[in-house]
Amino acid sequence: QVQPVESGGGLVQAGGSLRLSCAASGRTFSSYAMGWFRQAPGKEREWVAAISWSGGRTYYADSVKGRFTISRDDAKNTVYLQMNSLKPEDTAVYYCAAGTTAQAMGITPPLSAWGQGTLVTVSS
């Protein structure tokens with residue numbers, strides 16, 4: 001079982017950058033696709049980005065395409081989300097999840113339990 005722990009959030013001005021990290025326990029990390037999700041205040045959780053188990057394929061929501069980059073380091077059991085050109089509407093708690101590609105993209109519920117998330121606040 002993979003248990004993700006997110007970090008790297010903070011307060012940033014619009015146009016700035018942040019890099020989020022998700023450290024996942026479990027010896028089978030490299031077998032899973034990984035996804036990033038976010039939940040803004042008063043809104044439902046939405047999918048942001050996903051990466052295949054091999055790292056060879058990446059997927060992005062239209063709202064972040066061209067600004068965010070997902071990557072993984074299997075030696076560190078860690079997946080990253082580089083966020084550039086941040087906008088106030090990117091303000092949310094960000095979560096990561098493991099599973100199949102469909103699960104990592106939020107098409108079906110993820111295999112891993114949701115962690116505490118990391119808060120990203122973008123000021124205008």
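For the numbers below, each heavy atom of this structure counts, side chains included, while hydrogens, waters and symmetry mates do not. Residue numbers start at 1 and run along the sequence shown.
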Give the cluster check for V5 versus F29: same hydrophobic cluster or not, with ILVMFWY residues linked at side-chain heavy-atom distances below 4.5 Å.
no
Residues at least two apart in sequence or cross-chain that pass side chain to side chain donor-acceptor pair (under 3.5 Å) with S7, listed by chain then number, are none
Which salt bridge (Lys or Arg N to Asp or Glu O under 4.0 Å) pairs, counting each pair once, include a residue from residues 88-106, with sequence neighbours left out?
R38-D90, R67-D90
Quick check against the 3.5 Å criterion: does D73 have a side-chain atom that pairs as donor or acceptor with the backbone of T78?
no
About how many Å separate CZ of R19 and CE of M83, when rounded to the nearest 0.5 Å?
11.5 Å
The criterion is salt bridge (Lys or Arg N to Asp or Glu O under 4.0 Å); which residues satisfy it with K65, sequence neighbours excluded?
D62
Here the gap from Y32 atom OH to T101 atom OG1, rounded to the nearest 0.5 Å, amounts to 13.0 Å
What residues form a side chain to side chain donor-acceptor pair (under 3.5 Å) with S17, not counting sequence neighbours?
N84
Minimal heavy-atom distance between S21 and W36, with the atoms involved, is O-CH2, 3.6 Å
Would you mind listing the cluster partners of M105? Hydrophobic ones only (ILVMFWY), side-chain contacts under 4.5 Å, chaining allowed.
F37, W47, Y59, V93, Y95, I107, W114, L119
Once rounded to the nearest 0.5 Å, what's the spacing between atom OG of S124 and atom NZ of K87?
14.0 Å
I need the Q82 CD to I70 CD1 distance, nearest 0.5 Å.
12.0 Å
Test of understanding: clusters of I, L, V, M, F, W, Y form through side-chain heavy atoms closer than 4.5 Å, transitively. Do W53 and L81 belong to the same one?
no
If the condition is side chain to side chain contact (heavy atoms under 4.5 Å, CB included), which residues does T91 pass it with, not counting sequence neighbours?
T121, V122
Holding to side chain to side chain contact (heavy atoms under 4.5 Å, CB included), I want the full list of residues that pass it with T100, two or more places apart in sequence or in another chain.
A102, Q103
If hydrophobic clusters are built by linking Ile, Leu, Val, Met, Phe, Trp and Tyr wherever their side-chain heavy atoms come under 4.5 Å apart, do F68 and V120 end up in the same one?
yes
Looking at every non-hydrogen atom in both residues, tell me the closest pair between L11 and S123 and how far apart they are.
CD1-CB, 4.4 Å
Pairs touching residues 60-124 that satisfy disulfide (SG to SG under 2.5 Å), sequence neighbours left out
C22-C96
Under 3.5 Å, is there a donor-acceptor pair between the side chain of S112 and the main chain of A98?
yes
Residue pairs passing the disulfide (SG to SG under 2.5 Å) test where at least one lies in residues 39-77, sequence neighbours excluded:
none
For D74, enumerate each residue passing the salt bridge (Lys or Arg N to Asp or Glu O under 4.0 Å) test, keeping only those at least two apart in sequence or located in another chain.
R72
Would you please name every residue forming a side chain to side chain donor-acceptor pair (under 3.5 Å) with T69, sequence neighbours left out?
none
Linking I/L/V/M/F/W/Y whenever their side-chain heavy atoms sit closer than 4.5 Å, directly or via other members, would Y80 and M34 fall into one cluster?
no
Please name all residues satisfying side chain to side chain donor-acceptor pair (under 3.5 Å) with T28, sequence neighbours left out, ordered by chain then number.
none
Would you confirm whether S63, through its side chain, and A61, through its main-chain N or O, come within 3.5 Å as a donor-acceptor pair?
no
